[in-house]
Amino acid sequence: MTGFVSPAKKKGQWYVTRMQIACCAADAFPLKVAVKGLDAPPPDTWVAVTGTWIPQTFGKMLNGVVYPQITGKSLTRVDPPDGQYE
């Protein structure tokens, strides 16, 4: 996955993030995947991350947003794409 680094409140994880825009910047929202097992680069750094999906283990759906999670295997810093928010 390729995206920019966003910090997480939970210790030991961070997010690789992309913004989804339907019409204009006013309706943009983040699409995040939590990364565990790799040290977090500085916020807003663009990275390519590979890893293994971690299945959710809760028995009942939680309230709020539940982000997908991966155990990170490798991380490469990359240049931001030309259309970062497209």
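Everything numeric here is computed off the predicted structure, so don't read it as measured data. All values below come from the heavy atoms of this structure, side chains included, with hydrogens, waters and symmetry mates left out.
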List the atom of [X], the atom of [Y], and the distance in Å for their closest heavy-atom pair.
X     : Y     : value
Pro30 : Met19 : CA-SD, 3.7 Å
Gln56 : Pro68 : NE2-CA, 4.2 Å
Tyr15 : Ala8  : CE1-CB, 3.5 Å

Holding to side-chain hydrogen bond (donor to acceptor under 3.5 Å, both in side chains), I want the full list of residues that pass it with [X], two or more places apart in sequence or in another chain.
X     : value
Lys73 : none
Thr45 : none
Gln69 : Lys36
Thr71 : none

Cluster companions of Val47 among Ile, Leu, Val, Met, Phe, Trp, Tyr (side-chain spacing under 4.5 Å): Met1, Val5, Trp14, Val16, Val33, Val35, Leu38, Val49, Ile70, Leu75
Which residues share a side-chain contact (heavy atoms from CB on, under 4.5 Å) with Asp79, sequence neighbours left out: none
All side-chain contact (heavy atoms from CB on, under 4.5 Å) counterparts of Pro81, not counting sequence neighbours: Arg18, Trp46, Gln84
Stepwise side chain to side chain contact (heavy atoms under 4.5 Å, CB included) test for Asp27 and Ile21: CA-CA 6 Å; Asp27 70 5; Ile21 299 175; 3.6 Å; yes
Phe4-Val78 co-clustered via ILVMFWY side chain contacts under 4.5 Å: yes
Separation between OG1 of Thr17 and OH of Tyr67, rounded to the nearest 0.5 Å: 8.0 Å
